[in-house]
Amino acid sequence: MAEFLQFAFSGLTVGAVYALVAVGFTLIYNASGVINFAQGEFVMLGGLATVFLAAAGVPLPLAALGAIVATVAVGLALHRLAIEPARDASTAALIIITIGASIFLRGAAEVGFDKRFHSLPPLAGNEPIHFGGAAIVPQSLVVLGGAALIVTALSLFMRHTLFGKAIVATAANRLAARLVGINTRIVVGFSFAVSAAIGAIAGVLVTPITLTSYDAGTLLALKGFAAAMLGGIGSAPGAVVGGLLLGLLEQFSAGYASSQYKDAVAFVVILIVLLARPQGLLGRAGVERV
């Protein structure tokens, strides 16, 4: 039982990070129809920028804030310089653009930072909490609480603010949104900014547990995409459910089978979803008139 609880807590912690990455995917996809494979680099930039700002003597809270602001600027630049000029391109072309942006950001991080692994001091102490025979690192609770807070705040923003409703309207029908006076260009740019901020916050929260490096975003993007697919691409609740389920599947497969197969779980999930339920667990099957 203790072993099961340990794997479950670890899976939920990792899954919360995947959920945040998946929410970033979903937010941009809903607003623009673009699947942003640079989403994992936002997580990497948030973690690494915080590490290097803190190493330069900046207090940790200010370092984290500065890293989030810098990552948001990168997200806005990605939209303005890469996505917006190609807004009429095909879906495949836009995906290739985001993959190219991911490669560029990874290379820039390698040159601007370094190739080593880095960590941050935990935000809630080092003394583990014992529950049912399992040891829970306090930072895991910070990750889970932070993820829950972000998802709740984003949900409230979408439902109860005028700008949030503009994002929902743009996601439903961009042409109709334009006809009623919504500036969809600003809406899409804002979605990139929020997505970048969510990724950066995830990077700050998870770096004390998992370490970070210039190439950490690649697998995070893949697993966040797998989580979004599992929950239903375009569904924010599905992104959260998919992220948590993927984290649990990874940890249980590593614990009860072999850790060598842990990273393969995301690939298997994508294949199973595409074959068995392309709309995901909470997504809806689309109907298109021809």
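These values consider heavy atoms only, across backbone and side chains, with no hydrogens, waters or symmetry-generated copies. Just so it is clear, the model here is predicted, and its values are computed rather than measured.
- With contacts defined as side-chain heavy-atom distances shorter than 4.5 Å, the pair Leu141/Ile129 qualifies.
- For Phe37, the ring pair (Phe, Tyr, Trp, His ring centres under 6.0 Å) test picks out Phe25, Phe225, with sequence neighbours left out.
- Interatomic distance, CD1 of Ile83 versus OG of Ser191, reported as 12.5 Å (0.5 Å rounding).
- For the atom pair CG of Leu94 and CD1 of Ile99, the computed distance is 11.5 Å after rounding to the nearest 0.5 Å.
- At least one side-chain heavy atom of Asp114 sits less than 4.5 Å from a side-chain heavy atom of Phe52.
- In this structure, the separation between CG on Leu48 and CZ on Phe117 is 10.5 Å, given to the nearest 0.5 Å.
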side-chain contact (heavy atoms from CB on, under 4.5 Å), that's the test. Do Thr50 and Leu60 meet it? Break it down for me.
CA-CA 7 Å; Thr50 303; Leu60 187 57; 3.8 Å; yes
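- Contact detail for Leu53 and Ala67: the closest heavy-atom pair is CD1-N, 3.9 Å.
- Sorted by first and then second residue, the ring-ring contact (aromatic ring centres under 6.0 Å, His included) pairs involving residues 226-245 (not counting sequence neighbours) form an empty list.
- The distance from the CD1 atom of Ile150 to the CG atom of Leu205 is 6.0 Å, given to the nearest 0.5 Å.
- For Thr98 (side chain) and Asn36 (main-chain N/O), no donor-acceptor pair under 3.5 Å exists by modelled atom type.
- A donor-acceptor pair is defined here as one N or O able to donate and one able to accept, closer than 3.5 Å; no such pair exists between the side chain of Gln139 and the backbone of Val206.
- Taking 4.5 Å as the limit, some side-chain heavy atom of Leu222 sits within range of a side-chain heavy atom of Ile270.
- With sequence neighbours left out, Arg106 forms a salt bridge (Lys or Arg N to Asp or Glu O under 4.0 Å) with Glu41.
- Nearest heavy-atom pair, Leu78 versus Ala101, reported as atom, atom and distance to 0.1 Å: CD1-CB, 3.4 Å.
- The minimum heavy-atom distance between Ile198 and Leu20, with the atom names listed, is CG2-O, 3.6 Å.
- For the pair His118 and Phe113, the minimum side-chain heavy-atom distance is 4.5 Å or more.
- Here the closest non-hydrogen pair linking Ala177 and Thr184 is CB-CG2, 4.1 Å.
- Under a 3.5 Å cut-off, the side chain of Ser32 and the backbone N or O of Tyr29 do not form any donor-acceptor pair.
- A donor-acceptor pair is defined here as one N or O able to donate and one able to accept, closer than 3.5 Å; no such pair exists between the side chain of Ser140 and the backbone of Ile136.
- Here salt bridge (charged side-chain N to carboxylate O under 4.0 Å, His left out) pairs that include residues 118-141, with residues two or more places apart or in two chains, number zero.
- Applying the ring-ring contact (aromatic ring centres under 6.0 Å, His included) test to every pair with at least one member in residues 191-221, sequence neighbours left out, gives these pairs: His79-Phe192.
- Each side chain to side chain donor-acceptor pair (under 3.5 Å) pair with one or both residues in residues 158-176, not counting sequence neighbours, would appear here, but there are none.
- When all heavy atoms of Leu211 and Ser119 are compared, the pair lying nearest together is CD2-CB, 3.3 Å.
- In this structure, Phe157 and Phe163 have tilted ring planes: the angle between them lies in the 30° to 60° band.
- In terms of heavy atoms, Leu281 sits closest to Arg277 at O-NH2, 3.6 Å.
- Listed for the Ser155 side chain is no donor-acceptor partner under 3.5 Å among the backbone atoms of Val151.
- At distances below 3.5 Å, at least one donor-acceptor pair connects side-chain atoms of Thr207 with backbone N or O atoms of Gly203.
- Note that the CD atom of Gln39 and the OG1 atom of Thr26 stand 9.5 Å from one another [nearest 0.5 Å].
- Distance alone, capped at 3.5 Å, is enough to place a donor-acceptor pair between the Gln6 side chain and the Ala135 backbone.
- Here the side chains of Leu220 and Met44 are not in contact, with every heavy-atom distance at 4.5 Å or above.
- Heavy atoms from other residues, nucleotides or ligands lying under 6.0 Å from CZ of Arg178 number more than 12.
- For the pair Leu27/Met158, a side-chain contact is recorded, criterion being any heavy-atom separation below 4.5 Å from C-beta on.
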